[in-house]
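Take a look at the structure set out below.
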Amino acid sequence: MVTPREQGSVGVFVSCGNRFEVTMNEHVQGAGGAPLFNPLSPDFIRDPYPHYDRLRTIDPIHVTPFGQFVASRHADVSLVMRDKRFGKDFVERSKRRYSDRIMDEPVFRSMSHWMLQADPPDHTRLRGLVVKAFTARRVEDMRPRIQEIVDQAIDAVIDRGHMDLIEDFAFRLPVTIICDMLGIPEEHREVFYNSSRDGGRLLDPVPLTPEEIKKGNEGNLMAQMYFQQLFELRRKYPADDLITQLVQAEEDGNKLSNEELTANIILLFGAGHETTVNLIGNGLLALHRSPDQLALLKARPELMEGAIEEFLRYDSSVQMTGRVALEEIEDLGGKRIPKGETVLCLLGSANRDPAVYPDRPDRLDVTRQNVRPLSFGGGIHFCLGAQLARIEAEIAIATLLRRLPDLRIDDVENPEWRPTFVLRGLKRLPASW
């Protein structure tokens, strides 16, 4: 059996079930005997920000009982994401976390090809091939299509007088756009709408159970079979889409294998979908919890672009990212980080650090200046689709405020959050007008 200490994983605390909470209570306690960092507690899922505040104040480079380092200040988080002494080390990290045989599992072999999990030179090669699809010009050119999808979603429910802002509104937009970009035929898309609901689980650093690994393997096999056929089709009949670009790039001598192609297309679905849904959902909830800001944004729609940055800062849809020390780090916020150890970077905490945002960082302010959230990560792994996500959220929220100005969220006080920590988002958000 692998001990938690040996696993050295990003999300090891979950695999130990209740032992995590017991150990936490024995080790590090905050005010009133509560553990400083217990990200799976319902209280933490509901509102992690008071917990982050305590971490930044009491123990900014916190060591969990399992030897992981947790960085909560903006300066430390920013450094770790950009410093070449830190990397992903995915294969070795996964072997420590599960066993030496974990790479025999197709879903893990596939994830090892994700550019998100790769270190240079593989990362450089993979990202170089995909980045051309996300140029500023290409993304800007998608605005009319994004507007069309948003309007269709509102048209479908406007006479009903109520909807779930997640399922009926935010959900289909990013999946439809990524299907458009890849050139997935219309008649195949329903499968992608359904399967992308589960995709975020692979991005979560919570260790997968044997059942989840089996399910992941099955899904991966289906994806491999589907995309092999689509690759062959695009080799014979090229089109103006990302799959054609990637297939042609492979043939230009970049040696992008079918397995690498498929893996990174799966990544685009997972990374590009749930995070954007959460950005829209979390932003709408934050606005309706701050009626003055909602009124201001309705009165001054030109503030929307800056407001999106504030939504990203205020309640990030990605709360954490991880790095592994590729060499010994003498001093990170006063702690020595041994080679091979994991540093968990709390993006949500960094985004509310008063050292960077001295003017009431816990308040939503759509007029806030110089907002540079870390929500899209940093360094070589800065999110490829950041600008696309911003534009999708900007059009979605602006259109909703314009077309349904008297929309009200049914319960702003106690919404139902997904029971995950890394990807922060709502299960549902019923609203009426």
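There is no side-chain donor-acceptor pair under 3.5 Å between Ser41 and Asp43. For the 3.5 Å distance criterion, the side chains of Asp151 and Gln147 qualify, holding a donor opposite an acceptor. Inspection of the Asn220 and Ser110 side chains reveals an N or O donor paired with an N or O acceptor under 3.5 Å. Remark: the Ser432 side chain and the Asp410 side chain contain an N/O donor-acceptor pair separated by less than 3.5 Å.
Counting all heavy atoms, side chain and backbone alike, Leu388 lies closest to Met142 at CD1-SD, 3.7 Å. Shown here for His113 and Asn264, the closest heavy-atom pair between the two residues is O-ND2, 3.0 Å. For Gly333 against Arg73, the heavy-atom pair with the smallest separation is CA-NH2, 3.7 Å. Closest approach of Met320 to Val422, counting heavy atoms only: O-CG1, 3.6 Å. Between Ile397 and Leu287 the shortest heavy-atom distance is CG2-CD1, 4.3 Å. Nearest heavy-atom pair across Cys383 and Arg127 is C-NH2, 4.4 Å.
Here the side chain of Arg96 pairs a donor or acceptor atom with the backbone of Gly340 at under 3.5 angstrom. Side chain of Asp53 to backbone of Tyr49: no donor-acceptor contact under 3.5 angstrom is found. Not one N or O on the side chain of Arg418 forms a donor-acceptor pair closer than 3.5 Å with the backbone of Leu423. Looking at Trp433, its side chain does come within 3.5 Å of a backbone N or O of Ile158 through a donor-acceptor pair. For Asp168 (side chain) and Asp164 (main-chain N/O), a donor-acceptor pair under 3.5 Å exists by modelled atom type. No side-chain donor-acceptor contact under 3.5 Å links His51 to the backbone of Pro39. Without hydrogens or angle criteria, Ser72 side chain to Ser349 main chain gives no donor-acceptor distance under 3.5 Å. At distances below 3.5 Å, not a single donor-acceptor pair connects side-chain atoms of Glu310 with backbone N or O atoms of Val366. Under a 3.5 Å cut-off, the side chain of Gln319 and the backbone N or O of Ser316 do form a donor-acceptor pair. Side-chain N or O atoms of Thr399 include one that pairs as donor or acceptor with a backbone N or O of Ile395 at under 3.5 Å.
Between Lys214 and Glu211 no salt bridge is recorded (no basic side-chain N to carboxylate O distance below 4.0 Å). Taking a cutoff of 4.0 Å between a charged side-chain nitrogen and a carboxylate oxygen, Asp292 and Arg363 qualify as a salt bridge. The residues Glu328 and Arg336 are annotated as salt-bridged, a charged nitrogen and a carboxylate oxygen being separated by less than 4.0 angstrom. The pair Glu105-Lys215 does not meet the salt-bridge criterion, since no charged nitrogen lies less than 4.0 angstrom from a carboxylate oxygen.
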**Request:** Show the numbers, then the answer: is there a salt bridge (Lys or Arg N to Asp or Glu O under 4.0 Å) between Lys339 and Asp89?
**Result:** CA-CA 11 Å; Lys339 180 182 177 181; Asp89 199 24; over 6 Å; no

**Message:** I'd like to know whether Val277 forms a side chain to side chain contact (heavy atoms under 4.5 Å, CB included) with Glu167, so could you lay out the CA-CA distance, the side-chain angles of the two residues, the decisive distance to 0.1 Å, and finally the verdict.
**Reply:** CA-CA 9 Å; Val277 173; Glu167 184 69 28; over 6 Å; no

**Request:** Evaluate salt bridge (Lys or Arg N to Asp or Glu O under 4.0 Å) for Arg143 paired with Glu392, printing each intermediate quantity in order.
**Result:** CA-CA 8 Å; Arg143 278 185 182 270; Glu392 287 179 349; over 6 Å; no

**Request:** Could you please spell out the steps behind the salt bridge (Lys or Arg N to Asp or Glu O under 4.0 Å) verdict for Lys335 and Asp59?
**Result:** CA-CA 11 Å; Lys335 299 262 172 77; Asp59 196 13; 3.4 Å; yes

**Prompt:** Given the rule in the side chain to side chain contact (heavy atoms under 4.5 Å, CB included) test, do Ile154 and Phe169 qualify, once you have shown the distances and angles that lead to the verdict?
**Reply:** CA-CA 7 Å; Ile154 295 175; Phe169 183 67; 3.8 Å; yes

**Message:** Working note: Ile308 + Ile391, criterion side chain to side chain contact (heavy atoms under 4.5 Å, CB included); need CA distance, chi angles, decisive distance, verdict.
**Reply:** CA-CA 9 Å; Ile308 297 300; Ile391 291 173; over 6 Å; no

**Request:** Tell me, with the steps shown, if Lys88 and Thr321 meet side chain to side chain contact (heavy atoms under 4.5 Å, CB included).
**Result:** CA-CA 10 Å; Lys88 290 289 187 169; Thr321 186; 3.8 Å; yes

**Request:** Before giving the answer on salt bridge (Lys or Arg N to Asp or Glu O under 4.0 Å), spell out for Glu413 and Arg289 the whole-Å C-alpha distance, their side-chain angles and the decisive distance to 0.1 Å.
**Result:** CA-CA 8 Å; Glu413 292 307 316; Arg289 283 177 160 178; 5.5 Å; no

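Residues Val318 and Ser375 are not in side-chain contact: their nearest non-hydrogen atoms beyond the backbone lie 4.5 Å or more apart. For the pair Arg56/Tyr52, a side-chain contact is recorded, criterion being any heavy-atom separation below 4.5 Å from C-beta on. Between His381 and His123, some side-chain heavy-atom pair lies under the 4.5 Å cut-off. Annotation: side chain of Leu268 is not in contact with side chain of Trp114 (no heavy-atom distance under 4.5 Å). By the 4.5 Å heavy-atom criterion applied to side chains, Met81 and Leu347 are counted as neighbours. A 4.5 Å side-chain heavy-atom check between Gln117 and Ser112 finds every atom pair outside the cut-off. Side-chain contact between Leu312 and Phe376 is present, with heavy atoms from C-beta onward closer than 4.5 Å. Using a 4.5 Å cut-off on side-chain heavy atoms (C-beta onward), Phe86 and Val343 make contact.
Going from atom CZ of Arg323 over to atom CZ of Arg82 covers 10.0 Å, rounded to the nearest 0.5 Å. Atom OG1 of Thr124 is separated from atom CG of Leu126 by 9.0 Å, given to the nearest 0.5 angstrom. Rounding to the nearest 0.5 Å gives a distance of 5.0 Å between CD1 of Ile166 and CG of Leu426. Within the model, atoms CG of Asp365 and CZ of Arg313 stand 8.0 Å from one another, a figure rounded to the nearest 0.5 Å. Summarising the geometry, atom CD belonging to Glu218 is positioned 12.5 Å from atom CD1 belonging to Ile213; distances are rounded to the nearest 0.5 Å. Within the model, atoms CG of Asn278 and CG of Leu285 stand 11.5 Å from one another, a figure rounded to the nearest 0.5 Å.
Residue Arg145 places its CZ atom among more than 12 non-hydrogen atoms of other residues, nucleotides or ligands, all under 6.0 Å distant. The 12-atom threshold is not exceeded at CZ of Arg360, counting heavy atoms of other residues, nucleotides or ligands nearer than 6.0 Å. Counted within 6.0 Å of CZ on Arg160, heavy atoms from surrounding residues, nucleotides or ligands total more than 12; the atom is thus considered enclosed. Within a 6.0 Å radius of CD in Gln152, more than 12 heavy atoms belonging to other residues, nucleotides or ligands are found. Enclosure of atom CD in Glu302 by more than 12 non-hydrogen atoms of other residues, nucleotides or ligands within 6.0 angstrom is indicated.
In this structure, the ring of Phe311 has its center no less than 6.0 angstrom from the ring center of Tyr314.
Using a 30° and 60° split on the angle between ring planes, Phe108 and Tyr98 fall in the perpendicular class, above 60°.
A cation-pi arrangement is not found for Arg352 relative to Tyr357, the charged atom failing to lie both closer than 6.0 Å to the ring centre and inside a 45° cone about the ring normal. Because its NZ or CZ atom is both nearer than 6.0 Å to the ring centre of Trp417 and within 45° of the ring axis, Arg424 counts as a cation-pi partner of that residue.
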